[in-house]
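Just below is one structure, and these are the notes that go with it.
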Amino acid sequence: MLTLDRTIGTHFFTSDMGGNPMMYVNLIWAWGHPEVYILILPAFGVFSEVVSTFSRKRLFGYTSMVIAIMAITLLSFTVWLHHFFTMGAGANVNAFFGIMTMIIAVPTGVKVFNWLFTMFRGRISFKTPMLWFMGFITTFTIGGVTGVLMAVPGIDFQVHNSLFLVAHFHNMIIGGVLFGAFAALAYWWPKFTGFRLHEGLGIAAFWSWLVGFILAFGPLYILGLMGAVRRLDSYDASLGWQGLFIVAGVGVAIILLGVFFQVLQLAYSIWKRKELAVGPDPWDARTLEWAISTPIAEYNFATLDEVHERDAFWAFKQSGKHRSAAYHDITMPKNSGFGVLIAGAAFLVGFAVIWHVWWLAVIAFVVLIVLIICVGMREDIERTIPAERVATIENKLWGHRS
Amino acid sequence: MSEAATEQKQLLKRTSIGFWLYLMTDCLLFASLFATYVVMRDATAGGPSGIDIFEMPLVLAETIILLTSSLACGLALVALATKNMRQLLVTLSLTFMLGAAFLVIEISEFAKLIGEGYGPQASGFLSAFFTLVGTHGAHVFIGLLWLAILFATFIRRGITDKLTRQLTLFGLFWHFLDLIWIFVFTVVYLMEVVT
C-alpha cells in the first residue's frame with residue numbers, strides 16, 4: 001500500500017483525499033510486534049540447546065517450552081498498540097493492549113525459569129556459549145521487566161519515545177538476539193568448520209560486550225526516567241546529564257573493544273585452525289547434529305537410525321551404540337542455478353520499482369515469471385548417490401571406523 | 001498400497017503442507033487489505049462512495065461465474081481421480097473460460113470507473129477498493145496463467161504423478177480464491193448496499 005502511494009499516487013496514508021496515516025501506524029506495528037518475536041524465538045531455541053549441553057542435563061520442561069512458544073506466537077498478534085499508546089486511542093483500548101502486553105511476559109518467564117531449572121543440579125561448564133547465555137539471562141530479564149513497566153499506559157505516557165524506551169529495546173535486541181547469535185556462532189562453529197574458536201579471545205569479547213552494554217545503556221534508563229527524549233542530537237548542558245552520557249560513551253568504546261576481540265578471534269582462529277582442530281563432538285553434546293562428521297557430508301546422515309528420545313545422541317553415547325554399517329542409496333536434489341537467478345530477478349524488480357526505473361521493472365518482472373514457470377516445469381530434479389559411494393565417503397570421513 | 005503409491009502420497013502431503021503455508025500468508029495479505037478497506041470505506045473525500053459506483057447485477061454475475069468455475073475445478077479433480085480424460089479436458093477448459101469471463105467483467109468495471117475519473121488515485125476509499133478487489137483479480141489472473149501451463153503440460157505429457165500433484169495444488173488455490181471472493185462480495189458490495 002505504501003508502494004502504491006509512492007508510485008501511482010493512491011491515498012492510503014496521505015494526509016488528504018481520504019488518506020489515513022493512523023492506518024499505516026496500525027499496520028506497521030501489527031507486523032512490527034510479531035517481527036520482534038520472530039527475532040527472539042530463534043535465539044531462545046539456541047539458548048535451550050546451549051543450556052542443556054553445558055549443564056550436561058536435558059532441557060527442563062520441554063512440553064511447557066513448546067507451549068510457551070505457541071503462546072508467545074499467538075499473543076504477539078494482540079499487543080501491537082503498545083507501540084503508540086500516546087496516539088489517542090483512548091483509555092479502554094489502551095487498557096486492553098496494556099493487559100495483553102503484560103500477559104505475554106508470562107510465557108517468556110516460563111522459559112526463563114525452565115532454563116534456570118535446567119541448570120539446577122547440572123554439571124555446568126562455562127565455555128564461551130554458556131557465557132553468552134549467562135549474559136543473556138541477566139540482561140534480557142532486566143530489559144524484559146522494563147517492558148512490563150511500559151506496558152502500563154499511564155507509565156508509558158511518561159516514558160514513550162524517551163531514552164528509557166531506547167534502552168529497553170536495545171536491551172532486548174542486544175541482550176537477546178545478538179547474544180543468542182554470538183552463542184550460536186561459538187557453539188556450532190566447530191561443527192561446520194572442524195576447528196574451535198580461540199576460547200580466551202571469546203571470553204575477552206564476551207566480557208567487553210557485557211560490561212560495555214551495561215555501561216552504554218544503563219545510563220539511558222536513568223536519563224529516560226529523568227525526561228530525556230529520543231532522537232535528539234544534543235541535550236542542554238544545564239540539565240546536568242553530561243556525566244551519564246559520558247558513561248554511555250565509555251560503554252560504547254568498550255563494546256567496540258568487544259567487536260575488536262571478536263574480529264581478532266575469527267582471524268586468529270582461522271590462522272591457527274590446525275592447532276584448534278577438534279573432532280565431531282567437541283562439547284560432548286546431546287543432539288544428533290554432533291553425531292555426524294566434520295566436514296559434513298552433503299547428505300548429512302548416511303543412515304537414519306531409530307530415535308526414541310529427544311537427546312538422541314546422548315542416549316546413543318550412554319548405551320554405547322554404534323551406527324549400523326548397512327548403507328543404502330541416497331536420493332539428493334540436483335544442484336540448480338534457478339534459486340540465484342530468481343533472487344536476482346526479484347532484486348531487480350524491487351530495485352527498479354523503488355527508483356521508478358519502469359522499463360527495468362517490467363523486464364525484470366517478466367523474466368521473473370518466466371523463470372518461475374521454467375522451475376515448475378523441470379522434470380529431472382533428483383540424483384542418486386549409490387550405496388558404495390556412501391560407504392566410501394563415510395569411511396574417508398571417519399577414518400578408522402570399526 | 002504399493003511402495004511407489006505410498007511415496008507419491010507422502011510427496012503430495014509434504015508439498016501440500018508447503019502450499020497451505022503459502023495460502024496462509026496470502027490470507028494475512030488479504031486480511032490487511034480487508035482491514036484497510038473497512039477502515040477507509042467512508043474516506044470518500046467528497047467523491048463517490050460504494051453505493052454510487054457499484055453495479056450489483058454485474059457483481060452477481062461475477063459471483064455466479066466464479067463459483068461455477070470453482071465447481072468445474074472440483075469436477076476436474078474428480079475426473080483426475082477416476083482417470084476420465086475427456087471429463088478432465090472439458091472441466092479444465094470450463095474452469096479457465098469461466099475464470100477468464102470473471103476477469104473480463106471485473107476489468108470492464110475497473111476501466112469504466114477509471115474512465116469516469118473514479119480511479120484508485122481519486123480518494124482513500126477508491127484506493128482501498130481498487131487494491132483489495134484488484135489484488136484478488138491479480139491472483140485470479142496468475143491462477144489462469146498457471147492453469148494454462150498445467151493444461152499444456154497435460155496435452156503434451158498426459159497424466160503424470162507430478163501433474164496430479166500440481167493440479168491438486170491448483171485446486172486448493174482456486175477454491176481459496178473463491179473463498180476470498182465470497183468475503184469480497186460480502187464486505188465490499190453487500191455491506192454497502194444493505195447499510
Side-chain angles (χ1 to χ4, degrees), chain A residues 1-35 38 73-74 76-78 80-81 87 89 93 304 328-329 331 333 349 365-366 368-382 384, chain B residues 7 11 15 19 22 25 28-49 114 118-132 134-135 138 141-142 145-154 156-157 160-163 165-167 169-170:
Chain A
M1 288 182 261
L2 187 64
T3 302
L4 288 173
D5 270 7
R6 291 164 74 96
T7 52
I8 66 167
T10 50
H11 287 286
F12 285 105
F13 311 126
T14 55
S15 31
D16 64 339
M17 300 295 286
N20 193 338
M22 273 309 286
M23 191 67 208
Y24 181 81
V25 173
N26 274 276
L27 283 174
I28 197 68
W29 284 116
W31 168 83
H33 198 87
E35 157 70 11
I38 290 172
T73 309
L74 220 63
S76 71
F77 284 96
T78 63
W80 77 88
L81 196 125
M87 285 179 85
V93 174
L304 294 178
H328 302 280
D329 290 351
T331 311
V349 172
F365 186 70
V366 169
L368 180 66
I369 299 295
V370 168
L371 283 172
I372 292 174
I373 291 172
C374 288
V375 161
M377 297 182 84
R378 290 181 312 164
E379 287 289 332
D380 185 22
I381 55 175
E382 285 176 339
T384 311
Chain B
E7 202 187 304
L11 192 54
T15 323
F19 199 76
Y22 153 69
T25 65
L28 272 179
L29 174 73
F30 278 108
S32 314
L33 291 174
F34 272 109
T36 305
Y37 178 82
V38 167
V39 165
M40 299 179 76
R41 187 196 285 272
D42 296 319
T44 51
S49 67
I114 293 172
Y118 302 139
Q121 295 89 342
S123 70
F125 156 70
L126 284 166
S127 300
F129 168 77
F130 271 92
T131 306
L132 172 59
T135 302
F141 178 76
I142 301 216
L145 185 62
W146 185 12
L147 182 58
I149 293 169
L150 290 179
F151 198 83
T153 313
F154 165 58
R156 272 184 59 199
R157 301 200 190 121
T160 58
D161 286 326
K162 189 172 178 216
L163 186 67
R165 216 160 45 239
Q166 289 172 323
L167 280 170
L169 295 180
F170 172 79

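Letters A, B, ... mirror the listed sequences (proteins, then strands); counts begin at 1.
- Nearest heavy atoms, B:Ser127 versus B:Pro120: OG-O, 2.6 Å.
- Minimum heavy-atom separation, A:Gly18 to B:Ala43: O-CB, 3.2 Å.
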Worksheet item: Going through the distances and angles, do A:Val375 and A:Leu371 end up as a side-chain contact (heavy atoms from CB on, under 4.5 Å)?
Response: CA-CA 6 Å; A:Val375 161; A:Leu371 283 172; 5.7 Å; no
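- Contact annotation for B:Leu145: only side-chain heavy atoms (C-beta onward) come within less than 4.5 Å of a heavy atom of chain A.
- Looking at B:Thr44, there are no atoms closer than 4.5 Å to chain A (heavy atoms on both sides), in backbone or side chain.
- A distance of 14.0 Å separates OH of B:Tyr118 from CZ of B:Phe129, quoted to the nearest 0.5 Å.
- Here the shortest heavy-atom pairing between A:Val349 and A:Phe365 reads CG2-N, 3.5 Å.
- Within the model, atoms CG of A:Leu304 and NE2 of A:His328 stand 9.0 Å from one another, a figure rounded to the nearest 0.5 Å.
- At a cut-off of 3.5 Å, with distance as the only test, a side-chain donor of A:Asp5 or A:Thr10 sits close to an acceptor on the other residue.
- A:Met22 does not touch chain B: none of its heavy atoms, backbone or side chain, sits under 4.5 Å away.
- Most heavy-atom pairs under 4.5 Å with chain A, from the set B:Gln121, B:Arg157, B:Gln166: that is B:Gln121.
- No donor-acceptor pair closer than 3.5 Å links the side chain of B:Thr131 to the backbone N or O of B:Ala128.
- A:Leu4 touches chain B through its side chain: at least one heavy atom from C-beta onward sits under 4.5 Å away, while N, CA, C and O do not.
- Within residues 28-35 of chain B, the residues having any heavy atom closer than 4.5 Å to a heavy atom of chain A are B:Ser32, B:Leu33, B:Ala35, listed by residue number.
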